[in-house]
Amino acid sequence: MDKKTILLVEDNTDDEVLTIHALKESNVPNEVVVARDGVEALDYLFGKGSYSSRDASVMPDLILLDLKLPWINGLEVLQRIRADERTKLLPVVILTSSKEESDLIQSYKLGANSYIRKTVDFVQFRDAIQQLGLYWLVLNVAPPKVGVA
Amino acid sequence: MTIRKKTLIIFGITLSTLLAIMYWTHSLSLSTSYAIFSFLAFGVGFLALFLLIIDKLVLSRLRHLSKTISNIGISGDISKRVSIKGKDELSDLGAAINRMLMELQDSQNNLRMSEEKNRAILDAMPDTICQFKKDGTLEGYKPVKGEDLPFLVTEPVGKKIRELMPLKQPERAKNHMQQALQTGEIQVFDYSILRGDGWHNYEARMVKSGKDLVLTIVRDNTEQKQAEAALIKEKEEVEKRTHQLQIYINELEAFAYSVSHDLRAPLRSIDGFSQMLFEHYNDKLDDEGKSYLQRVRSASQRMAELIDDLINLSRVTRSEMRYETVDLSALARTITMELQQSQPERDVEFTIATGLVAKGDAHLLRVALKNLLDNAWKFSRKQASARIKFGYAETNGQSAYFVRDNGVGFDMAYANKLFGAFQRLHSPDEFEGSGIGLATVQRIIHRHGGKIWAESAVGQGATFYFTL
C-alpha cells in the first residue's frame with residue numbers, strides 16, 4: 001500500500017503528538033505533515049513561503065484541520081482551499097474541540113467533508129482518529145487529482 | 001299717517017261732498033231736496049256708524065298690533081307676544097307673528113348657546129389665540145387663564161411681531177406668516193422666551209383666516225419639550241447600557257467558547273498522556289502506579305463532563321427561543337426508550353400519560369425532560385422494581401406536569417438547594433453527576449415563564465412538578 005500523506009493543521013503540540021501517535025498505531029501507512037497555523041497550511045498547499053521549494057503539484061490525500069488557529073483560523077483556511085482549483089476537491093476533515101453549533105454549520109457550509117470532535121477521553125479520541133484514517137485513506141475513493149499535475 | 005286719520009279723511013271727503021250736493025240741490029224743488037238730503041243724511045249717519053264699527057273691529061286691533069310690534073322692535077325683547085282677540089284674519093296674522101317671534105327667539109337661543117359653547121371651548125383651550133394682520137400687527141388675542149402671555153410684553157395688542165418675541169425669532173415668525181398667507185397651509189414653528197423660571201418653549205400654528213389675516217394658535221409646550229428631552233436622554237442611557245450589556249454578552253460568549261475549546265485541550269493531554277504512560281510503560285508500573293494513572297484519567301474526564309454541562313447551562317440561557325407545539329408525551333417516550341436501551345438489564349416500569357402537548361422550544365424542553373427522567377432513572381436504580389411516571393396533575397390547586405420516581409428521594413430540608421448550580425444532595429460515590437442538571441432544568445422552565453418545584457422524602461421517591 002502506498003504511503004498516504006496527511007496534512008495535520010494543529011497548533012497544540014500535545015494534540016499533534018496524540019494524533020500522530022494514534023495514526024501511527026492504525027493499520028494505514030501514512031506520513032503526516034504538520035502545519036502549526038493557517039498561514040503555514042496554505043503555504044504548504046500552494047508551495048509558498050517556507051514551502052516554496054515544495055512540489056506544489058503533489059497534494060496531501062487528507063487534511064485534518066483544527067478550527068482555532070493563530071492568524072488565519074481553520075474556517076478561513078477551509079474557505080481558501082475550496083476557493084482554489086488546485087485544492088477544491090481535497091478531503092478536509094475538521095478536527096476540533098469546539099461543540100458550537102455555529103462552527104459546525106459554518107464548516108459544512110464552507111464544504112468540510114467531515115466534522116470530528118476531539119474527545120477528552122484518549123481511548124475514544126484514538127478510535128476516532130484511526131477510524132477516520134481508515135475511512136478517508138482506504139475505504140473512500142478519492143477525487144481525481146486536479147491542477148497542474 | 002295713521003289708519004284712523006285716513007278714515008277721518010274719507011269721512012271728511014264724504015261730508016264735504018255732502019255739503020256740495022246740498023249746495024247743488026238748493027236749486028231743486030223742496031221735496032226733492034228734502035228727499036235727497038234725508039237720503040244723504042241717512043247715508044252719512046250710516047257711514048259714521050260703519051266707521052265706528054270698523055274702528056272697533058279692525059282699526060283699534062291693528063293699532064294694538066302695530067304698537068306691540070313697534071315696542072318689540074324698540075326693546076328688542078322678542079320674548080313678548082302680540083295678543084289679538086277674536087277669530088279672523090287679524091288674529092291669524094297675530095298668531096303668525098307670534099310664531100315668527102317664537103322661531104326668531106329659538107334661533108337666537110341656539111345662536112347664544114353655540115356662542116357660549118364656542119367661548120367655553122376657547123376658554124378651555126390651553127392655547128393663546130391671536131389674530132395678526134398681514135404686516136405683523138397683533139389685532140387681538142384670547143389668553144390662557146392663569147398663564148403668562150406668550151409674548152415679551154403684557155399689552156401686546158397693536159404691537160408688531162418684532163416686539164413680541166426676542167432675538168431673531170420674529171424674522172422666522174414673519175416668514176411663516178408669509179408662507180401661511182401664500183400657501184393657505186398651516187405653518188408650525190417653535191420659539192422661546194426667557195421668563196423668571198427659565199426658558200419657555202412655545203409652539204405656534206399659523207393659518208390664514210381671511211384676506212390678509214393670520215390666526216395664530218400658541219401653546220406653551222415647555223413641559224412636553226422637557227419630557228421629550230428627558231426621554232431622549234433616557235433612551236440614550238438605555239442604548240448605552242444595552243450596548244455595554246451586549247459587550248458583556250459577547251465577552252461571555254467568547255469566554256464560553258474559549259472554555260469549551262481551550263479548557264478541553266489540556267485535559268485531553270492529561271488523559272492522553274496518562275493513557276500512553278499506562279500502555280507503553282505498563283511493565284514499569286506497579287498496580288498502585290497504574291491505579292493512580294486511572295484516577296488521573298477519570299478526573300480529567302469528569303472535568304470534561306463538568307465543562308460540557310457548564311457550556312450547556314450557559315447555552316440554555318444564551319440560545320434563542322423557538323416556540324412551537326411540542327408533544328411532551330412523545331418526547332418522554334423517546335427518552336425513556338433510550339434509557340432502557342442504555343441499561344437493558346434494569347427492570348423499570350414507565351408510565352407516560354398520552355396527549356400531553358405544550359407550547360415551547362422543542363430543543364430546550366427535550367433537555368429539561370431528559371434531565372428530569374435521567375435523574376428519575378439514576379436515583380431509582382437501587383429499587384428492585386423501579387417505577388417512573390410522567391403525567392399532568394393538579395397539586396395544591398395548580399395544574400402541573402410531573403416526573404415521579406420511587407427512588408431514594410431527598411430530605412426536603414435541602415429542597416432550596418436543589419436547583420442551584422453545582423449543588424448536590426448525594427455524595428458523588430453514591431450517585432455520579434455534576435450538580436448542574438436541575439439548574440439547567442430550572443433555567444429552561446423559567447425561560448418558558450413556568451415554575452418548577454419538588455416534593456420528596458428520604459427513601460420515598462421524588463416528584464418534580466413544573467408548569468410552562
Side-chain angles (χ1 to χ4, degrees), chain A residues 8-26 32 34 36-38 64-77 94-107 115-130 132-133, chain B residues 249-250 252-282 290 293-320 322 361-364 366-367 434:
Chain A
L8 173 65
V9 191
E10 173 63 76
D11 64 323
N12 183 320
T13 48
D14 283 358
D15 277 359
E16 177 197 322
V17 172
L18 294 173
T19 309
I20 291 174
H21 184 84
L23 285 167
K24 215 180 268 172
E25 282 187 359
S26 71
V32 180
V34 180
R36 296 226 160 72
D37 57 67
L64 296 179
L65 182 61
D66 191 11
L67 287 184
K68 216 177 167 206
L69 295 167
W71 302 303
I72 296 182
N73 70 33
L75 289 174
E76 233 177 308
V77 172
I94 304 296
L95 197 60
T96 176
S97 294
S98 168
K99 218 169 93 172
E100 290 291 312
E101 203 182 67
S102 58
D103 280 340
L104 196 65
I105 291 168
Q106 268 311 101
S107 297
Y115 190 104
I116 307 290
R117 193 173 178 234
K118 296 181 201 167
T119 56
V120 166
D121 184 330
F122 177 69
V123 177
Q124 283 179 25
F125 176 75
R126 186 168 53 191
D127 266 6
I129 296 291
Q130 289 174 355
L132 84 86
Chain B
I249 288 172
N250 291 347
L252 207 65
E253 295 214 352
F255 173 75
Y257 184 88
S258 169
V259 164
S260 90
H261 194 278
D262 296 347
L263 285 192
R264 298 173 61 85
L267 284 178
R268 190 164 42 251
S269 300
I270 296 168
D271 189 81
F273 290 109
S274 302
Q275 179 62 18
M276 296 228 289
L277 205 58
F278 182 82
E279 287 176 7
H280 298 283
Y281 300 89
N282 199 289
K290 286 173 196 165
L293 279 179
Q294 283 311 318
R295 279 178 189 272
V296 172
R297 284 200 66 210
S298 61
S300 55
Q301 284 168 26
R302 204 175 118 60
M303 187 162 165
E305 278 166 24
L306 271 170
I307 290 170
D308 276 356
D309 284 350
L310 263 181
I311 296 303
N312 283 337
L313 181 65
S314 87
R315 198 171 281 151
V316 159
T317 323
R318 284 186 293 144
S319 70
E320 204 180 308
R322 277 176 287 222
D361 184 291
H363 169 70
L364 291 182
R366 188 189 150 82
V367 171
S434 57

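Note on naming: letters A, B, ... go to the chains in the order of the sequence lines (proteins, then strands), and numbering restarts at 1 for each one.
When all heavy atoms are compared, the tightest approach of B:Arg264 to A:Lys118 is NH2-O, 3.7 Å. Looking at every heavy atom in both residues, A:Asn12 comes nearest to B:Ala265 through ND2-CB, 3.5 Å. Of all non-hydrogen atoms in B:Ala304 and A:Val120, the two that sit nearest each other are CB-CG2, 3.4 Å.
Taken to the nearest 0.5 Å, the CD atom of A:Glu25 stands 8.0 Å off from the CE atom of B:Met276. The CD atom of B:Glu279 sits 6.5 Å away from the NE2 atom of A:His21 when rounded to the nearest 0.5 Å.
Here A:Asp14 does not pair with B:Arg268 in a salt bridge; the nearest charged N to carboxylate O distance is not below 4.0 Å.
Looking at A:Val123, both its backbone and its side chain come within 4.5 Å of chain B, counting heavy atoms on both sides. Heavy-atom distances place both the backbone and the side chain of A:Asp121 under 4.5 Å from chain B. At a 4.5 Å heavy-atom cutoff, the contact between B:Arg297 and chain A is made by side-chain atoms alone. Using a 4.5 Å cut-off between heavy atoms, A:Thr119 touches chain B through its backbone atoms (N, CA, C, O) alone.
Within 6.0 Å of atom NZ in B:Lys290, more than 12 heavy atoms from other residues, nucleotides or ligands are found, so the atom counts as buried in its surroundings.
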